[in-house]
Amino acid sequence: MTVSKFHLFRDTSRRILALSLPYFRSEERWQARGLLAAIVALNLGAVYMLVLINDWNRVFYDALQNKQADVFWHQLSRFALLAFVYIVIAVYKFYLTQWLELRWRAWMTRHYLDRWLANHLFYRLELARYAHSGPGQAPPDNPDQRIQEDVNLFTSLTVSLSMGLLNAVVTLASFVGILWSLSGNFAFSLQGNDYSIPGFMVWMAVLYCLVGSVATHYIGRPLIALNFGQKRYEADFRSHMGRVREYSESIALDLGSSVENENLKQRFGRLMTNYIALIKAQKRLVWFTNFFGQAAMVFPFIVAAPRFFSGAIQLGELMQIASAFDRVQGSLSWLVDNYDSLASWRATSDRLTTFEENLSQAQAVPQGLHTVLGEDLAIEHLSIQLPNGQPLLDPSSAHARPGQQVLLQGPSGSGKSTLFRTLAGLWPHAQGGLSQPQRVMYIPQKPYLANGPLRNTLAYPEAANTYDDEALHEALRQAELPHLCSELDREDAWSQKLSGGEQQRLALARVLLKRPAWVMADEATSALDEQTEQLLYQRLVALTQAQGGGLVSIAHRPELARFHNTRWRLEEVSPSPRRFRLVSESI
């Protein structure tokens with residue numbers, strides 16, 4: 001093994017241990033360790049039963065050869081007992097192994113969900129992925145697949161492969177002595193000198209499996225990269241179909257079905273191209289492993305046959321030699337038999353490791369924005385950059401007190417929505433001071449509407465039973481959605497069921513239901529007619545005044561200026577690259 005390959009192996013081992021050990025050190029560590037210890041004990045018990053069955057082979061076949069009926073029937077009853085105990089061990093080994101995989105998967109899934117959804121990391125990772133360009137490792141694609149599918153594969157393959165390896169090692173240690181003692185010496189003469197090789201069958205098994213393992217590695221090595229790529233292409237194809245379903249109305253109105261059909265076919269084409277390459281690589285591996293396995297069935301008989309025909313051993317010993325050789329060869333051939341699974345496991349581990357590293361990097365990013373909670377909304381020397389580091393907002397300061405209604409305006413591309421995200425504490429590329437008011441709600445231009453009963457969507461993210469039906473009905477009426485009052489218990493995909501204006505009014509109904517002190521709205525009424533828009537703005541202003549807070553809104557229609565008493569204007573200070581500063585003025 002070269003130095004570079006050794007370092008690669010060491011780094012890979014460390015990364016996989018970093019994925020595996022947290023569960024066995026978690027709050028569930030005693031249950032996890034207990035299950036693992038029980039599975040190990042059952043594996044050892046299974047190997048011990050195989051040793052007993054191997055010895056039974058010798059006695060049973062000798063009884064057949066010597067026509068000893070009483071020994072034959074006694075050995076059959078003994079085999080029934082051995083087989084029953086082995087079956088019990090096999091069943092509980094399977095059951096406990098599945099239980100360990102299930103608990104491990106559940107823990108890892110909860111662990112990654114907690115980390116992915118904490119502190120808006122899911123948003124930051126998506127922001128970084130779409131902003132990534134140039135060389136270097138991009139943030140992980142399809143984190144949903146990594147949490148759902150890759151965690152499942154990692155836990156199941158790690159348990160099965162590690163227990164398989166343990167079983168192979170213990171089986172080898174148990175049967176190599178038996179095979180050594182049974183195989184005898186191989187004597188031959190060379191150039192007038194006599195030589196004798198003790199334990200000849202053991203050395204033949206080692207040589208046979210060494211050749212097979214090396215050949216398997218070189219034949220199956222492309223499977224690692226192909227398995228990694230297959231998971232990515234499958235996720236991309238599934239993800240884009242989800243986007244087509246999510247934006248079905250917009251795509252239909254744009255007459256974009258043919259374009260999306262072509263995009264999906266291109267993604268599916270990449271998936272199939274990689275899958276065909278994967279099948280061909282697996283075919284080459286299956287050719288070799290099947291040839292290797294079939295040859296192993298007759299190989300010990302060929303080697304031991306001369307001793308049997310010479311009368312040196314009986315049929316029982318021949319069968320015991322064949323059984324022991326099969327166990328030793330099977331143990332030494334663990335790599336050959338599991339290379340396809342190892343390739344899939346390696347690809348899955350790499351995907352989870354990169355996801356883990358990106359989560360850790362996102363968590364470790366220093367927060368350049370110093371945020372405090374207070375009664376006012378204020379920014380002090382706030383500067384904002386784009387994800388590529390280009391400055392967008394020069395250091396600016398502004399202050400909004402309770403009772404103020406602030407209208408945020410600026411030319412297209414000036415960063416109004418980016419400033420909105422910064423005020424919400426989402427934008428990571430900002431420095432300065434931010435004082436956020438308490439009891440605040442943010443309304444994006446396109447609100448998120450959860451699928452399910454309408455009452456759940458209206459109360460989101462709180463539980464629906466937090467509010468009684470009368471409060472929900474009143475919020476809908478205040479948002480000019482009285483026709484939805486009878487739909488509270490109806491389950492639907494509301495983001496597709498409702499028009500754009502209805503979706504925005506439903507988001508405003510949430511605000512009117514929860515009655516925050518401060519409301520921050522980003523084009524929250526852009527899909528409404530002027531009359532409804534002005535009516536709802538009147539209610540928002542009345543709400544914030546009654547709650548002792550204020551209103552900050554991004555809007556383009558000049559008629560909305562009369563609902564505000566302060567303007568924050570983004571003024572251009574440099575055309576190339578475009579930079580702005582924030583100016584506060586009275587209306």
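Sequence positions, counted from 1, serve as the residue numbers for this chain.
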Just wondering, do [Y] and [X] contact through their side chains at under 4.5 Å, heavy atoms?
X	Y	result
Q266	N263	yes
L359	L125	yes
R490	K497	yes
K93	N43	yes
P143	F122	no
H429	P387	yes
R270	F237	no

Looking only at non-hydrogen atoms, find the nearest pair between [X] and [Y] and report the distance.
X	Y	answer
D150	K231	OD1-CD, 3.8 Å
R146	R351	NH1-O, 2.7 Å
S20	T158	OG-CG2, 4.3 Å
Q68	D62	OE1-O, 4.4 Å
A450	W494	O-CD1, 3.7 Å
L264	H240	CD2-CD2, 3.5 Å

Fill in: Criterion salt bridge (charged side-chain N to carboxylate O under 4.0 Å, His left out) on E462 and R510, from CA distance to verdict
CA-CA 10 Å; E462 298 177 87; R510 285 177 182 166; over 6 Å; no
Practice prompt. Kindly indicate, with the supporting measurements, whether the criterion side chain to side chain donor-acceptor pair (under 3.5 Å) is fulfilled by E234 and Y275.
Written response: CA-CA 10 Å; E234 294 277 6; Y275 192 48; over 6 Å; no
Do any N or O atoms from the side chain of [X] and from the backbone of [Y] form a donor-acceptor pair under 3.5 angstrom?
X	Y	value
N358	T354	yes
S26	Y23	yes
D492	G452	no
N167	M163	no
N57	I53	yes

Practice prompt. Go through the side-chain N and O atoms of R105 and S156 and say whether any donor and acceptor fall under 3.5 Å apart.
Written response: no
[X] and [Y] aromatic centres sub-6.0 Å:
X	Y	result
F79	F60	no
Y233	F268	no
Y112	W116	no

For the [atom1] atom of [X] and the [atom2] atom of [Y], what is their distance to the nearest 0.5 Å?
X	Y	atom1	atom2	result
L121	D114	CG	CG	11.5 Å
T97	L102	OG1	CG	12.5 Å
L166	L161	CG	CG	12.5 Å
L454	L506	CG	CG	6.0 Å
L153	S349	CG	OG	10.0 Å
N152	I147	CG	CD1	13.5 Å

Worksheet entry | Test log, rule side chain to side chain contact (heavy atoms under 4.5 Å, CB included), inputs M49 and I89 | CA-CA 9 Å; M49 295 306 300; I89 291 174; 3.8 Å; yes
Charged N to carboxylate O under 4.0 angstrom, [X] versus [Y]?
X	Y	value
D350	R346	yes
R455	D469	yes
R267	D236	no

Discussion item. Does N119 have more than 12 heavy atoms from other residues, nucleotides or ligands lying within 6.0 Å of its CG?
Written reply: no
Item to complete: Check the surroundings of atom CZ in F288: do more than 12 heavy atoms from other residues, nucleotides or ligands lie under 6.0 Å from it?
Response: yes
Item to complete: Describe, in one word, how the ring planes of F24 and W104 are oriented to each other, choosing from parallel (under 30°), tilted (30 to 60°) and perpendicular (over 60°).
Response: perpendicular
Worksheet item: Do the rings of Y95 and W99 sit parallel, tilted or perpendicular, given the 30° and 60° boundaries?
Response: parallel
Discussion item. Using a 6.0 Å distance limit plus a 45 degree cone around the ring axis, check whether R33 lies over the aromatic ring of W30.
Written reply: yes
